[in-house]
Amino acid sequence: MHPAVMRPTLLLTALLLLTPGAQAADTAPTGELRGRWGTEDNALQAELRGDLNRGPWALHGASLLESIHPKDASPAQQQARVLELNASADLGPWQLAAGRKVVSWDVGWAWRPNDVVQQEQRRQLGPVSLAGRPLLMAERFEGDSATSAVWVNPNRQGDAAARGADESALALRHYRREGALDLHLHARWGERTRGSLGLAAAWVGDASLELHGSVRRLSHHDLMGTDADGGAATLALAGLTWTGSQQQTLILEAWWDGTAPPAHSPLTPFSQGQRRRNVYGRSTWQPDAAPAWTLSLDMLYHPEDRGWQAGTGAVWQADRLSVEAALRWSDGPADSAAARLPVRRSGVLALRWPF
Amino acid sequence: MNRLRWNALFTLGALLSLLMLDLAGATPVDDVTALLRDADRFRAEPDTALQVETEVRVLKVDGSVDKERRYTVLLQPGHRSLVLMRSPAEAGQKVLMLGDDFWLLMPASQRPMRITPMQKLLGDAATGDIATLSWSEDYAGSRIGGEERCGEGPAARPCLHLSLKATRPGITYPRIELWLGATRHEPLHADLYVLSDKLAKQARFVFDRADKPTQVEAMELVDQLSRGKVTQVRYLSRRPRQIPETWMNPMFLARNPALETP
């Protein structure tokens, strides 16, 4: 860990361990065992999480042990990864944290313009463990508002090779609740990509309907997979979720990704079939006759080149064990990005045993 | 003159009856709000900050346990509650309810998401069922008919039937038909209706003492929308607990509060 993150983490950890007389409130370690059989690889994973609390100080850790067996000729990998390791201080309205931590922002489901810290890859098949980013964070909570300031990747300061989520950046979020409306104001200053400003909102219209939207204007962005500056760009998303009385949920979203290649441009290994205009729908249903099952159908459509990705999935949840199966396929006109993806059929079967 | 005298006597009689009722601490059986307040006291004192440990069992048709879930419910005055899922299968999930506004945090994504009242009904146990421990602040209604008999055999007892309508949007069940014991006003059973006015669940309450009940120990819910799925909600412990105001901020959900710290 870089000194910029290491020093505050160690300081908070030392305060945590040395606080005399503070009541300990440690929770038993928890975790999950997983088996995953996919079209691209098979994997066995064990995730372990734990917390240590001493008065206002806390230490949180999450790690992943995994054995991955690719389906191609690549060698098998056995690895241990630290997903999260952070120390934090609860100072009433002020909360401080340092270390590796997952910090997810924004309001969308399939895509999030203002997820400026974590920059999570969405719509992955099967269970995924998020790996936190190295950061220093200060937050202030008041009745109906919260302000967060994050220095993400301080360890990559001055690193010209740091791209995307690895870039050293300062990020700010101000949240405010106005009754049924959540408002988020975002700002980010990247060492190389400079400033961007964003606004997001979520509103519950009635008992069944939620509407959300998010927009961000970037002064610069990295052109996918290159060192070139892609210039200014706009990211925007609008969507809704609707829940019916028969345990069915519908998500509809449409977004504009100004950083994606324009229609009919050559497909690069880095673009992953992304297009500027996107329409997404996902429907999930928990049948009354079989409440242990959750079934899903989803589709992503690119109006510019009429390419599409469709998926279906089923989850069976017992008391602890859950089994998940998912399939996805991509197609469209021969010149569409979806039809030219190197992998156009994928599937996964996953078992999860939490403890 | 006679008529005036009779009127005066009648008024005096009515006032004396009210005074006697008041002195005896009894609730007039037509004062629905007071009846609901009495009924609430069997689950939680209204406007009290509480930590309630709850166990939920979902039963199969043959009565065996299908799923077992544990929840910590932090109730605060002013229609505010935080539900923390404690079972391994749901560990890390949290639901915050502030009046008619709700948020869900899933551990895989680590961000609070706005949810609708209907989404509160999803999952193994409806969050609204777990976190709702009072009716008097959320419902108004009227008494239906005279005194009825509830239950069968030796457990049968006189009861009162109340028809209740939610006074706020966002309430899990906009209509409830509720039956209370005629003497102590303890809740006996209830029919719970969703927004479409469909009968969603039937609830039956289990007490610490059958003869002189003081506290609801469990609630059994028979789901009428899911082929009679039975869910038992047991209140394992209740203790006063005032939590920091910051915990009631949706953006705080991504943190892991130390629950046992007083």
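Letters A, B, ... are given to chains in the order of the sequence lines, protein chains preceding strands, and every chain is numbered from 1.
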Hey, could you give me the [atom1]/[atom2] distance between [X] and [Y], rounded to the nearest 0.5 Å?
X	Y	atom1	atom2	value
B:Phe252	A:Gln95	CZ	CD	4.5 Å
A:Thr249	B:Met118	OG1	CE	9.0 Å
B:Arg255	A:Asp90	CZ	CG	6.5 Å
A:Asp182	B:Met113	CG	CE	12.0 Å

Specify which of [options] makes the most heavy-atom pairs with chain A at under 4.5 Å.
options	result
B:Ser196, B:Pro250, B:Pro107	B:Pro250
B:Leu98, B:Val65, B:Val194	B:Leu98
B:Ser109, B:Pro244, B:Ala254, B:Pro112	B:Ser109

What part of [X] gets within 4.5 angstrom of chain A, counting heavy atoms only: side chain, backbone, both, or neither?
X	value
B:Met251	both
B:Glu245	neither
B:Asp101	side chain

Q) What do you reckon, is CZ of B:Arg234 surrounded by more than 12 foreign heavy atoms closer than 6.0 Å? A)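 It does not: B:Arg234 CZ has 12 such atoms or fewer within range.
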
Q. Is the count of non-hydrogen atoms from other residues, nucleotides or ligands lying under 6.0 Å from B:Leu164 atom CG greater than 12?
A.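 Counting neighbours around CG of B:Leu164, more than 12 heavy atoms of other residues, nucleotides or ligands fall under 6.0 Å, so yes.
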
So which part of [X] gets closer than 4.5 Å to some heavy atom of chain B, the side chain, the backbone, both or neither?
X	answer
A:Arg112	side chain
A:Leu209	backbone
A:Trp109	both
A:Phe355	backbone
A:Glu142	backbone
A:His212	neither
A:Leu181	backbone
A:Thr30	neither

Q) Can you tell me if B:Lys67 uses its side chain to pair, donor with acceptor, with the backbone of A:Ala292 under 3.5 Å? A) no

Q. Hey, does the side chain of B:Arg69 reach the backbone of A:Asp319 with a donor-acceptor pair shorter than 3.5 angstrom?
A. yes

Measure across [X] and [Y] and return the closest heavy-atom pair with its distance rounded to 0.1 Å.
X	Y	result
B:Pro117	A:Asp206	CD-O, 3.9 Å
B:Arg111	A:Trp105	CD-O, 4.5 Å
A:Pro354	B:Pro88	CB-O, 3.3 Å

**Q.** Most contacts with chain B, counted as non-hydrogen pairs under 4.5 angstrom, among A:Gly92, A:Gly143, A:Pro127, A:Ala180
**A.**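 Most heavy-atom pairs under 4.5 Å with chain B: A:Ala180.
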
Q. So which of A:Gln118, A:Arg352, A:Arg173 has the largest heavy-atom pair count under 4.5 angstrom toward chain B?
A.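 Highest number of pairs under 4.5 Å: A:Arg173.
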
Q | Derivation of the side-chain contact (heavy atoms from CB on, under 4.5 Å) call for A:Arg177 and B:Arg114 | A | CA-CA 11 Å; A:Arg177 177 167 81 100; B:Arg114 271 271 183 178; 3.7 Å; yes

